[in-house]
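Report on the following structure.
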Amino acid sequence: MSDLDPEGQERRLSAIAPERLAALGAADDGDDHPLPDLPNAEAFEEIRMRLAPNPNGPWHLGNARMAAVIGTYTDRYDGWMCCRFDDTDPETKRPDLDAYDAILNAITYLEFEPDEAIRASDRLPTYYEYARELIDREGAYTCSCSAADFSELKNAGEACPHRDKSASETRAEFDEMVEGEVDPGERVLRVRTDITHPNPALRDWVAFRMIDTPHPREAASEFRCWPLLDFQSGIDDHLTGITHIVRGIDLQDSAKRQRFVYDYFDWTYPEVIHWGHINVDAYDVPMSTSSIKGLIEAGDLDGWDDPRAPTLASLRRRGIRGEAITEAMVALGTSTNEADLSMSAIYAANRERIDDDADRAFLVQDGIERTVIGSPTVGEPPVHPDHDERGVREIQVGGAVRIEAEDLPPNGERVWLKGLGCMRHTRDAFEFVGTDIAAVREEGVPVIHWVPADDARPVTLRRPDGDVEGTAEPGIAAYDSDTVLQFERVGFARIDAQDDEGRTVAYFAHP
RNA sequence: GCUCCGGUGGUGUAGUCCGGCCAAUCAUAUUGCCCUCUCGAGGCAAUGACCGGGGUUCGAAUCCCCGCCGGAGCACCA
């Protein structure tokens with residue numbers, strides 16, 4: 001076995017003695033694992049985790065962290081991952097029917113594949129069943145206090161008059177709720193926890209409430225009695241055999257609440273990891289599903305993939321690979337602190353992946369024209385500076401070029417038009433000087449990009465900070481949409497569309 | 001008001017459980033130099049952090065206490 005390479009050894013070892021492979025990984029000090037080991041991982045035969053998104057909109061960057069971290073963990077432990085849509089509020093967090101698929105696509109984009117996808121709204125009968133069982137175990141009671149009244153009692157640590165209701169009476173009243181015979185606000189089912197618990201957040205929380213607004217999914221539109229997250233999620237985590245839960249600190253108290261239910265059922269609660277909120281720089285648009293949705297509806301954004309939006313659809317359209325996002329998210333770790341994510345971390349990870357493949361091209365954004373005198377008729381910059389074998393781009397000069405206004409040298413000074421040669425700026429023209437590269441290497445003549453003045457292709461470059469018009473070398477017309485190029489000295493961009501009028505639309509990725 | 005959680009360079013992170021190998025890791029960022037017909041890539045170097053105060057100890061980023069600061073929950077939202 002010693003003649004196998006390390007990877008081969010690992011594969012072979014995992015086949016014959018998986019438990020020793022885990023030990024090997026630990027001894028290796030987890031060299032390629034940016035995330036800490038999962039707590040108590042060795043206690044489980046299979047690591048099972050879930051993503052539990054609310055499908056109230058397509059994903060923004062913040063949501064990506066969930067898939068990136070959980071997916072990385074399940075890959076690493078060769079575990080099982082489920083995408084469970086927690087869509088149990090048809091009213092205030094009303095599901096968006098397009099979001100279910102958009103979210104699954106986003107997960108694929110991030111390079112993960114859930115083993116299973118389920119929707120809480122398909123599972124109401126199961127929740128009812130366990131609610132009845134909980135009632136029979138004296139773990140819940142129906143309560144008809146108003147929310148305000150109960151809150152007052154709860155804050156004082158006092159039981160409400162309904163708390164000592166019998167299981168059979170609760171059972172009957174809960175059945176009425178399930179049948180839809182109760183109005184919203186009239187009655188809820190509460191879990192009997194500890195009404196004097198020092199932490200008021202844990203006292204007799206609501207498990208089911210009535211909602212009249214039909215669920216947008218037809219299959220779930222008849223239900224009126226809906227579980228809240230703590231009940232639904234708690235039951236599902238147990239039934240799907242989840243071993244590790246990773247979620248935000250906003251759900252810190254959830255585990256403590258759900259443990260009361262687990263205790264009634266004599267279940268073991270999964271291991272839990274919490275992380276803090278992340279803030280992303282470089283965006284003016286707030287990273288919240290509802291704000292983005294609002295801006296789109298108001299017409300301030302073109303859609304979920306507008307380059308100004310901090311959404312996954314937007315980054316995808318800009319040519320940023322999901323892997324790069326995953327890498328940056330995983331690097332954030334799982335600290336409970338609030339964290340600032342720099343887009344530059346994503347950009348750096350992406351650049352590493354796309355640079356080698358991206359052909360080079362010239363794009364001039366803020367052009368100024370100069371006649372060219374005496375130069376070769378064709379410029380031949382390389383397709384990729386690190387890959388001679390990919391050849392050169394042949395750009396017809398056509399007598400005049402356009403360059404960035406800021407690149408124009410003072411009169412009498414020289415500039416090197418990349419792939420064409422050295423020029424001296426006379427009053428209103430570029431006079432060809434020659435192609436001796438010593439001018440650049442030894443005399444420090446600046447190298448700049450350029451396009452033919454008469455035969456350049458108009459380009460709209462859509463950037464996170466707004467659209468820019470420019471012109472590019474004609475060769476970019478040949479690229480299919482979805483190709484990622486590097487506009488030299490401008491940055492990487494994804495070709496989005498080549499229209500019939502001879503215009504290219506590209507989305508800017510990053511420098 | 002009550003209850004949790006956390007504070008390491010500009011940013012993120014490792015180390016904290018089991019105190020010494022940490023004058024603190026890695027990445028990103030910024031700057032400079034080298035290389036290069038890109039401000040990309042690559043190479044080299046520099047910059048820069050243990051919230052504060054006490055205590056325990058021969059020794060504390062690490063343990064204890066008190067502050068301070070930040071975050072979260074106390075919804076018939078997720």
Side-chain angles (χ1 to χ4, degrees), chain A residues 29-30 34-36 52-56 86-89 91-95 120 143 145-148 150-151 154-155 157 184-190 197-203 205-211 225-230 232-233 247-254 256-257 274 276-279 281 289 327-349 351-352 354-356 358 360 362 379-382 384-386 416-422 435 437 439-441 445-449 486-492 510-511:
Chain A
D29 210 15
L35 290 173
N54 178 331
N56 62 339
D86 283 353
D87 55 350
T88 56
D89 182 354
E91 201 162 75
T92 57
K93 291 244 168 136
R94 187 169 179 80
C143 170
C145 292
S146 72
F150 186 86
S151 176
K154 178 200 68 185
N155 288 333
E186 192 184 322
R187 183 148 85 210
V188 297
L189 183 75
R190 287 186 187 280
H197 195 283
N199 186 347
L202 274 46
R203 298 172 188 165
W205 45 274
V206 175
F208 285 84
R209 85 302 209 182
M210 303 303 299
I211 295 179
C225 176
W226 286 91
L228 281 99
L229 172 119
D230 283 315
Q232 171 267 123
S233 176
R247 61 186 167 203
I249 46 169
D250 49 330
L251 265 26
Q252 263 177 139
D253 289 335
S254 262
K256 295 171 188 164
R257 278 195 280 257
H274 292 111
H277 287 150
I278 62 170
N279 307 308
D281 63 358
T289 305
E327 180 181 320
M329 289 295 172
V330 165
L332 286 182
T334 54
S335 153
T336 56
N337 270 332
E338 193 163 307
D340 295 330
L341 170 69
S342 314
M343 286 305 292
S344 64
I346 292 177
Y347 297 157
R351 197 180 290 125
E352 214 169 277
I354 64 174
D355 182 47
D356 205 55
R360 269 45 177 177
F362 292 151
E380 296 190 322
H384 190 112
D386 305 332
W416 185 286
L417 298 188
K418 185 167 178 170
L420 183 61
C422 194
T435 55
I437 198 61
V440 171
R441 291 188 185 162
V445 171
V447 176
I448 65 167
H449 59 284
Q486 188 207 51
F487 290 124
E488 297 196 58
R489 308 209 305 144
V490 174
F492 293 91
H510 48 74

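By convention in this document, chain letters (A, B, ...) are assigned in the order of the sequence lines, proteins followed by strands, and residues within each chain are numbered from 1. Keep in mind that what you see is a predicted model, and the values were worked out from it rather than measured. Just the heavy atoms: all of them, side chains too, but no hydrogens, waters or symmetry mates, feed the values below.
- Going from atom CG of L35(A) over to atom P of rG12(B) covers 16 Å, rounded to whole Å.
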| remark: Contact string for nucleotides 72-78 of chain B, one letter per nucleotide 5' to 3', B = base within protein heavy-atom range under 4.0 Å, S = sugar-phosphate only, - = neither, reads SBBSBBB
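- We find that CE of M343(A) is positioned 14 Å from C1' of rU11(B), with the value rounded to whole Å.
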| query | When you look at L189(A) and V206(A), which way does the side chain to side chain contact (heavy atoms under 4.5 Å, CB included) test go after all the steps? | reply | CA-CA 6 Å; L189(A) 183 75; V206(A) 175; over 6 Å; no
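- Residues passing the ring-ring contact (aromatic ring centres under 6.0 Å, His included) test with Y347(A) are H510(A), sequence neighbours excluded.
- Pairing each heavy atom of D86(A) with each of A120(A), the nearest pair is CA-CB, 4.2 Å.
- Rounding to the nearest 0.5 Å gives a distance of 12.5 Å between CD1 of I448(A) and CH2 of W416(A).
- Atom pair R247(A):CZ and rC4(B):C1' shows a separation of 14 Å (rounding to whole Å applied).
- With C1' as the reference atom, rG70(B) and rU8(B) are 15 Å apart, rounded to whole Å.
- Of the P atoms belonging to rC51(B) and rA14(B), the separation is 15 Å, rounded to the nearest Å.
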| note | Nucleotide by nucleotide, nucleotides 36-45 of chain B touches protein heavy atoms under 4.0 Å in the pattern (B base, S sugar-phosphate only, - none) -BBBBS----
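- In this structure, D340(A) places its CG atom 19 Å from P of rU28(B), rounding to the nearest Å.
- Within the 4.5 Å cutoff, side-chain heavy atoms of D230(A) are placed close to those of S254(A).
- Counting heavy atoms from C-beta outward, D253(A) and L202(A) have side chains that approach closer than 4.5 Å.
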Could you list all N or O pairs between the protein and nucleotides 30-35 of chain B that sit under 3.5 Å apart?
none

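- Put simply, the side chain of R209(A) gets close to the backbone of P227(A): a donor and an acceptor are under 3.5 Å apart.
- Between the CZ atom in R360(A) and the CZ atom in R489(A) there is a gap of 14.0 Å [rounded to 0.5 Å].
- Stem list for RNA chain B (at least 3 consecutive Watson-Crick or G-U pairs, distances under 3.5 Å): B:1-7 with B:68-74, B:10-12 with B:26-28, B:29-34 with B:42-47, B:51-55 with B:63-67.
- Here the closest non-hydrogen pair linking G333(A) and L35(A) is CA-CD2, 4.0 Å.
- If you take atom P in rA61(B) and the same atom in rA23(B), they sit 8 Å apart, rounded to whole Å.
- The shortest heavy-atom contact between H384(A) and A358(A) is ND1-O, 3.2 Å.
- By the 4.5 Å heavy-atom criterion applied to side chains, K418(A) and H449(A) are not counted as neighbours.
- Straight-line distance between the P atoms of rC63(B) and rG6(B): roughly 11 Å, to the nearest whole Å.
- The distance between atom CG of D281(A) and atom P of rU28(B), rounded to the nearest whole Å, is 16 Å.
- Taking the C1' atoms as reference points, rC66(B) lies 48 Å from rC44(B), given to the whole Å.
- A donor-acceptor pair is defined here as one N or O able to donate and one able to accept, closer than 3.5 Å; no such pair exists between the side chain of N337(A) and the backbone of A339(A).
- With rounding to whole Å, L341(A) atom CG is found 18 Å from rA27(B) atom P.
- Nucleotides rG67(B) and rU30(B) have their P atoms positioned 42 Å apart, rounded to a whole Å.
- Atom CG of D250(A) sits about 4.5 Å away from atom NE2 of H277(A), to the nearest 0.5 Å.
- Look at CD1 on I346(A): it is 13 Å from P on rA29(B), rounded to the nearest Å.
- A gap of 27 Å separates the C1' atoms of rC5(B) and rU28(B), to the nearest Å.
- Side-chain contact check for I278(A) versus M329(A): some heavy-atom pair is nearer than 4.5 Å.
- Between M343(A) and D281(A) there is a side-chain heavy-atom pair separated by less than 4.5 Å.
- Looking only at side-chain heavy atoms (C-beta outward), I346(A) and L341(A) come within less than 4.5 Å of each other.
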Polar pairs (N or O, both sides) under 3.5 Å between protein and nucleotides 13-15 of chain B?
unit_1: rU13(B); atom_1: OP1; unit_2: L332(A); atom_2: O; d: 3.1

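- Using P as the reference atom, rC37(B) and rU31(B) are 23 Å apart when rounded to the nearest Å.
- Using modelled atom types, no side-chain atom of R187(A) and backbone atom of M210(A) make a donor-acceptor pair closer than 3.5 Å.
- In this structure, the NE2 atom of H510(A) is 11 Å from the P atom of rA29(B), given to the nearest Å.
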